[in-house]
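Written out below as structure tokens is the structure these notes cover.
Hydrogens, waters and symmetry mates play no part in the numbers below; they use all other heavy atoms, side chains included.
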Amino acid sequence: MTKCDKTLFQSLKILLKVTKMPDQKTTSEKKLVKKPNYADILCGMGESRVMFRWRSSLWKLLWQELLAYTATFILISMVYRYTLTMEQQVQLEKLIRWCRHQSTGLPITFLLGFYVSLVVKRWWEQYCKLPWPDTIAIFLKGLVVGEPGEKRVVARMIRRTVIRYCLLAYILCIRRISSRLKKRFPSMQDLAKTGIVRPDESSRIGDEESQEVHGSNWWMPLKWSVEILNKAKQEGLVTSAPGYSHMLGRLSEFRARLSEVATYVYLPVPLVYTQVVHLAVYVYFAVSLIGEQWIIWRKPGDEE
């Protein structure tokens, strides 16, 4: 029996097992069972369900401030209606009208619109600058090609090593700014367990626990990639000089784009502008606590 016949026979056995047990779900099918989403059940399958999301939502971020504002607003309204005398209510109504008039002059819409557009622009640019190793893999496949035999095996190992170093540099750089990637690879030992870095390479890179701008050696695997390509060129595995130069340019571009992504974290929005926006928002809502109160209608004209 040939190797092809053995593979076909094993495939037929698997098909027969599946057809014999149509009512039982396999382990992979059980994993694919989607859990019920209560937001979809309550709100349907339209875009309105987005408003009822909790994870990474506006409600999760601001529910404490919203609750404090609502409670303070109701407390001021109760004091105004049930505890103050007539003269005190009249004085408070003058303050309410003055706050209502002054709140219209705050450029809160302009400040928030400009600030939100700046934050979203930075977020989108940061995503667009993330490099992809696919292009490097394609160029390596066409550039590092050995003759049939042992050299072809060596060429394949060189391609795999260069891509492994690119992924290692990517992880070491992005884990400093991504909490999810930091949770996935909290230390160099966890990276070594996955096989993406060897223990000797890990000792040369270091612990990578520093949070300073220049405290990381994430660029070191890219340096090793250049050295490997240089050695492959000397051994005759890279025969195209323009292709070799272009490959080095791709690696340099990969490093430059990682540096740009990391720079967004170390150079955030200026603190002064952030403070101005926060101060304007807090002042606006503090004035609104008084200015948005409902005035008691005692005679015609009070409703204005």
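- For the pair R81 and W294, the minimum side-chain heavy-atom distance is below 4.5 Å.
- By the 6.0 Å and 45° rule, R255 stacks over the aromatic ring of W218.
- Dense packing is recorded around OH of Y69, with more than 12 heavy atoms of other residues, nucleotides or ligands lying under 6.0 Å away.
- Annotation: side chain of L229 is in contact with side chain of M247 (closest heavy-atom distance under 4.5 Å).
- Closest heavy-atom contact between A280 and L111: CB-CD1, 3.6 Å.
- Nearest heavy-atom pair across R159 and V144 is NH1-O, 2.7 Å.
- Annotation for Y282: atom OH does not count as buried by contact number, only 12 or fewer foreign heavy atoms lying within 6.0 Å.
- Atom CD1 in I163 sits 5.0 Å away from atom CG in L140 (nearest 0.5 Å).
- Using a distance-only test at 3.5 Å, with no hydrogens or angles considered, no donor-acceptor pair links the side chain of S245 to the main chain of A241.
- Linking Ile, Leu, Val, Met, Phe, Trp and Tyr residues whenever their side-chain heavy atoms come within less than 4.5 Å leaves L143 and I138 in two separate clusters.
- Residues A262 and C173 approach most closely at CB-SG, 4.1 Å, considering heavy atoms.
- Other residues sharing the hydrophobic cluster of I74, ordered by chain and number and joined by side-chain separations under 4.5 Å: M78, Y82.
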For this session: For the pair I177 and I174, evaluate side chain to side chain contact (heavy atoms under 4.5 Å, CB included) and give the outcome as yes or no after the intermediate values.
Result: CA-CA 5 Å; I177 60 180; I174 302 301; 4.2 Å; yes

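- Looking at K223 and W219, their side chains come closer than 4.5 Å, going by heavy atoms from C-beta outward.
- A continuous path of ILVMFWY side-chain contacts below 4.5 Å connects L167 to I228, so both sit in one hydrophobic cluster.
- The closest donor-acceptor contact from the side chain of Q293 to the backbone of F73 lies under 3.5 Å.
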For this session: Go through the steps for I205 and L168 under the test side chain to side chain contact (heavy atoms under 4.5 Å, CB included), then give the verdict.
Result: CA-CA 11 Å; I205 294 174; L168 177 59; 3.9 Å; yes

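- Contact check for P133 versus Y170: no side-chain heavy atoms found under the 4.5 Å cut-off.
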Problem set entry | S225 vs T161, side chain to side chain contact (heavy atoms under 4.5 Å, CB included): CA-CA, chis, key distance, verdict | CA-CA 8 Å; S225 300; T161 304; over 6 Å; no

For this session: Just do the side chain to side chain contact (heavy atoms under 4.5 Å, CB included) check on L172 and M188 with the steps written out, would you?
Result: CA-CA 9 Å; L172 292 179; M188 293 297 293; 3.7 Å; yes

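- Ring pair H278/Y115 is perpendicular by interplanar angle, where above 60° counts as perpendicular and below 30° as parallel.
- At least one side-chain heavy atom of Y80 sits less than 4.5 Å from a side-chain heavy atom of I295.
- Note: Y165 and F254 fail the aromatic proximity criterion, with ring centroids not under 6.0 Å apart.
- At a cut-off of 3.5 Å, with distance as the only test, no side-chain donor of D200 or S203 sits close to an acceptor on the other residue.
- Between the side chain of Q88 and the main chain of T85, a donor-acceptor pair closer than 3.5 Å is present.
- Once rounded to the nearest 0.5 Å, the distance linking CZ of R180 with OG of S178 reads 7.5 Å.
- The environment of CG in D207 is sparse: at most 12 heavy-atom neighbours from other residues, nucleotides or ligands sit within 6.0 Å.
- Within a 6.0 Å radius of CD in E150, no more than 12 heavy atoms belonging to other residues, nucleotides or ligands are found.
- Distance alone, capped at 3.5 Å, places no donor-acceptor pair between the R175 side chain and the R184 backbone.
- Under a 3.5 Å cut-off, the side chain of R164 and the backbone N or O of I196 do form a donor-acceptor pair.
- In this structure a side-chain-to-backbone donor-acceptor pair under 3.5 Å is missing from T70 to L67.
- Under a cut-off of 6.0 angstrom, the local environment of OH in Y284 is sparse, with at most 12 non-hydrogen atoms contributed by other residues, nucleotides or ligands.
- Expressed to the nearest 0.5 Å, how far NZ of K231 lies from CG of L237 amounts to 10.5 Å.
- In terms of heavy-atom proximity, M220 sits nearest to R204 at SD-O, 3.8 Å.
- Separating the CZ atom in R198 from the CG atom in L191 is a distance of 14.0 Å, to the nearest 0.5 Å.
- When every heavy atom of E65 is checked against every heavy atom of L61, the shortest pair comes out as OE1-O, 3.7 Å.
- Cluster membership check: W123 shares its hydrophobic cluster with V261, using side-chain heavy-atom separations under 4.5 Å among Ile, Leu, Val, Met, Phe, Trp and Tyr.
- Salt-bridge formation is not detected for the pair R122/E125: no Lys NZ or Arg NE/NH1/NH2 atom is positioned less than 4.0 Å from an Asp or Glu carboxylate oxygen.
- In this structure, C128 and R257 approach most closely via the heavy-atom pair O-NH2, 2.6 Å.
- Here the straight-line distance linking atom CZ of F185 with atom NZ of K193 works out to 12.0 Å at 0.5 Å rounding.
- Of the N and O atoms on the side chains of R176 and Y266, at least one donor lies less than 3.5 Å from an acceptor on the other residue.
- A continuous path of Ile, Leu, Val, Met, Phe, Trp and Tyr side chains, each step under 4.5 Å between heavy atoms, connects L130 with L222, placing both in one hydrophobic cluster.
- Ion pairing between R100 and E93 fails under the 4.0 Å rule for side-chain N and carboxylate O.
- Note that CD of E147 is 9.0 Å distant from CZ of R152, once rounded to the nearest 0.5 Å.
- In this structure, L95 is a member of the same hydrophobic cluster as F285, with clusters built from ILVMFWY side-chain heavy atoms closer than 4.5 Å.
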